[in-house]
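Heads up, the thing below is written out as structure tokens.
Order of the sequence lines sets the chain letters (A, B, ...), proteins ahead of strands, with each chain counted from 1.
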Number of protein chains: 4
Amino acid sequence: MDKAERKEREFNLRRAEILEQAEKIFAAKGFHNTTVAEIAGASGFAVGTLYQFFESKEQLYTAMLTEKLNMMYSDVRESVAMEEDTVRKIECLVASQFRFVENNAEFCSIFIRGDHLSLSEGSAALRIRMVADYAVHVSFTEEVIREGIRAGILKEMDPRMMAAALTGIINSCASKWLAMMKGASLMGNVPFVINIFLEGVRKNAH
Amino acid sequence: MDKAERKEREFNLRRAEILEQAEKIFAAKGFHNTTVAEIAGASGFAVGTLYQFFESKEQLYTAMLTEKLNMMYSDVRESVAMEEDTVRKIECLVASQFRFVENNAEFCSIFIRGDHLSLSEGSAALRIRMVADYAVHVSFTEEVIREGIRAGILKEMDPRMMAAALTGIINSCASKWLAMMKGASLMGNVPFVINIFLEGVRKNAH
Amino acid sequence: MDKAERKEREFNLRRAEILEQAEKIFAAKGFHNTTVAEIAGASGFAVGTLYQFFESKEQLYTAMLTEKLNMMYSDVRESVAMEEDTVRKIECLVASQFRFVENNAEFCSIFIRGDHLSLSEGSAALRIRMVADYAVHVSFTEEVIREGIRAGILKEMDPRMMAAALTGIINSCASKWLAMMKGASLMGNVPFVINIFLEGVRKNAH
Amino acid sequence: MDKAERKEREFNLRRAEILEQAEKIFAAKGFHNTTVAEIAGASGFAVGTLYQFFESKEQLYTAMLTEKLNMMYSDVRESVAMEEDTVRKIECLVASQFRFVENNAEFCSIFIRGDHLSLSEGSAALRIRMVADYAVHVSFTEEVIREGIRAGILKEMDPRMMAAALTGIINSCASKWLAMMKGASLMGNVPFVINIFLEGVRKNAH
DNA sequence: GATGAATGAGGCTTCATTCAT
DNA sequence: TATGAATGAAGCCTCATTCAT
């Protein structure tokens, strides 16, 4: 019977609607300053109804966070996988993250505000999963770099540190862009990031 | 009569004691999950007493944040001011920030947690001061870089972006270290950071 | 569907129940010595529930006050409107106020206690409305007297002052009755009040 | 030794200073919205010092109230005692009360605000004394009226009620004046009050 | 005697969660 | 299954009173 199927489709649609509204409000006001009633109101459901989709306010928050992040993670992985060359891969890594930030500015400002992780002790399990997801993403970046080293394209430094440096540059540029919200495109900074990461800032003597 | 003087000294000691305990608890649990009663208990005062030192929970939080950060800002400025050479200045910039992170690991984890800024609308004035302080710090980094460019040592790129990149690398390494809390010294990463920032990661053909 | 209608009816019933209990307690202990928890307990609701009916303790207090007073005001106006003759109108004025005091002794003792008006600065708007309502009531009394003067029944004195005198006599008798709470009926004093107001207390020489 | 005497004189001066300042603040903000610290500040003493003059905030409040009122009561009694004629006595009764109100407008507005009596259960004894003092004053008014009746000048009505009526007219006029705080003198209303009380408001047929 | 910092009980209000309809 | 009124624990803050200096 495909009644069950329709049910599930409906369920997922409603759930997505809630997450979408929650994202906006959480991004604007932070976790603690957002009330469940607000989210319910914005998504057109009753308060009690939200609790049929999510166990708690925290779980709703975490779901939104992880699902959106995993979306970004797979975007990055997909776009990187299409390239062969290490330098191109790094370009894709940067570009796809910048693209995500541009397309999800509100969501990303959560991380500037930064109340992710300031979740109560109770939800340790949820937090652990988020951290784990992040670790996977980091090690993906590491792997790209490791390949570059193996291929003799990148210097033989600690890949962990190199990944950290690249991530830092990306995040810092994204934060700057989010803070300013300038009309300028964030994507336009890709060459700069690549250049600084690959070549550094010291002027070569000649 | 220096009775007044002694009074003030006493006052500042108590105030500092409160800030010290508050720092630990805020760092461990975040702003919203920390109660005024907890801070009072930890610092050995009654709840009401805290309110003779700080107007509100938020003001206590902000005071702690700004005072500690300004401490770091001046540390950085001082140590950088002692050097002449641009490269040495950048080294100092990185080293003094890493030193601060090492010495104030608990405090710094607040920024990983990141609930600074998620303060209610009420404290706009306080928040503005924090942002302004930060802006001054950022422009200090920029200035160091600008000097390097003028001196022909650094490439002629946008100094704002270069400062952002450097800041990103520093923060990322610090975060990594805080997250792992490894026995390894964070200071040990200074050469790496300098190297990657100045020379990049691409292997030179020769 | 008259489900909404029933909802509203229920809502109003509960609201009235709270007001009724609040009236008793406020009357007995004054605004500041009454706690929200007490009112909640007496009306059989949880504390939080009160806040679905009233924005704040002050708003609850003011609502009770204004609604009850307006009830009295319209009682007075209605009963006076039924009479033609000025003297009969004044009788109704006095009688209907006395009747209200007898039927709402507890409520009226609030005014002997008198902590109406000692509300915080915050509720200026609410207080203004109360004062305005009272002004309307006073000018109604004045108008009755003015008519009596026009009709040649009352002396040509300042109607404002005459209204003040009548109001004073009424209030004073009511206060006396409330203070003593004697078995005696307050309504029994109507002829006395009318007589003293119309004829004064000096023995006529004859 | 008159050292003790000087001490007592000093003590009374300080006490009076505190009462004077307390009166202003209580009059302006009411009992509950006035803090002990405010009174201390205004009177130039430390908080702890107030507690050497008064047992508690409530006792300070009551002392101020009773002492001021008794001042008025004796003023009234004195000035009435100087007259022989009943009508003149009543005039003095009204005039001396109006004079007191004019000279102590701030203090009297406490009674418009009316948070006298809204004292906690604890101070029953103090409240009882205030009520008793008031009762004495009322019975003094009654006695004047009783004399007038005996002298064949006033009608043979219940003197209690007559006293209540007179008091009501006086209070009502005073309240009106306090509320408006008009430039006009309250004393100017004495003839009106006397006239309305003695002769009433009904126009005589002729 | 004078001081005023420290105290801590207690008040108002919010809001995540539940459950009867 | 959806609702949203009811709940009540918990938080921030105030302020009368005390007591060591």
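D/Phe54 comes within contact range of no nucleotide atom at all, as no heavy-atom separation falls under 4.0 Å. Residue-level contact check: B/Phe45 touches the backbone only, with heavy atoms under 4.0 Å from sugar-phosphate atoms and none from bases. Backbone-only contact: C/Phe53 has heavy atoms under 4.0 Å from sugar-phosphate atoms and none from a base. Within 4.0 Å of D/Val47, counting heavy atoms only, lies at least one base atom of the nucleic acid. The residue C/Arg6 sits apart from the nucleic acid: no heavy atom pair falls under 4.0 Å.
Of the side-chain N and O atoms in A/Gln52, none sit less than 4.0 angstrom from OP1 or OP2 of F/dT1. Residue C/Thr49 places at least one side-chain N or O closer than 4.0 Å to OP1 or OP2 of F/dT7.
Looking only at distances, no side-chain donor or acceptor of A/Glu67 sits under 3.5 Å from a matching main-chain atom of A/Met64. In this structure a side-chain-to-backbone donor-acceptor pair under 3.5 Å is present from A/Thr34 to A/Gly30. No side-chain donor-acceptor contact under 3.5 Å links C/Lys68 to the backbone of C/Asn104. Judged by distance alone, with hydrogens and angles left aside, the side-chain atoms of B/Glu38 form a donor-acceptor pair with the main-chain N or O of B/Thr35 at under 3.5 Å. In this structure, the side chain of A/Thr62 engages the main chain of A/Glu58 through a donor-acceptor pair within 3.5 Å.
Separating the CD atom of B/Gln59 from the P atom of F/dC13 is a distance of 11 Å, rounded to the nearest angstrom. The OH-C1' distance, from D/Tyr61 to F/dC15, rounds to 18 Å in whole Å. Per the geometry, OH belonging to C/Tyr51 stands 16 Å off P belonging to F/dA9, to the nearest Å. Distance, A/His32 NE2 to F/dA10 P: 15 Å, rounded to whole Å. Put simply, CD1 on D/Ile39 is 11 Å from C1' on F/dA16, counting in whole angstrom units. Separating the CG atom of D/Asn33 from the C1' atom of F/dC15 is a distance of 12 Å, rounded to the nearest angstrom.
Note that the first and last nucleotides of DNA chain E, 5' to 3', having any atom under 4.0 angstrom from a heavy atom of chain B are E/dA5 to E/dG8.
Residues B/Phe54 and B/Gln59 come closest through the heavy atom pair CA-OE1, 3.3 Å. When all heavy atoms of A/Ala27 and A/Glu106 are compared, the closest pair comes out as CB-O, 3.0 Å.
Between A/Phe26 atom CZ and A/Gln21 atom CD the span is 12.0 Å, to the nearest 0.5 Å.
Stems are defined here as 3 or more consecutive Watson-Crick or G-U wobble pairs with pairing distances under 3.5 Å; those involving DNA chain F are E:2-21 with F:2-21.
Applying the side-chain hydrogen bond (donor to acceptor under 3.5 Å, both in side chains) test to A/Asn12 and every residue at least two apart in sequence or in another chain returns nothing.
Across the interface with DNA chain F, nearest-nucleotide mapping of B/Ala37 and C/Arg14 shows C/Arg14 to be the residue nearer the 5′ end. Of the two residues near DNA chain E, B/Ala46 and C/Gly48, the one whose nearest nucleotide lies more 5' is B/Ala46.
Salt bridge status for B/Glu5 with B/Arg9: present, with a side-chain N to carboxylate O gap under 4.0 Å.
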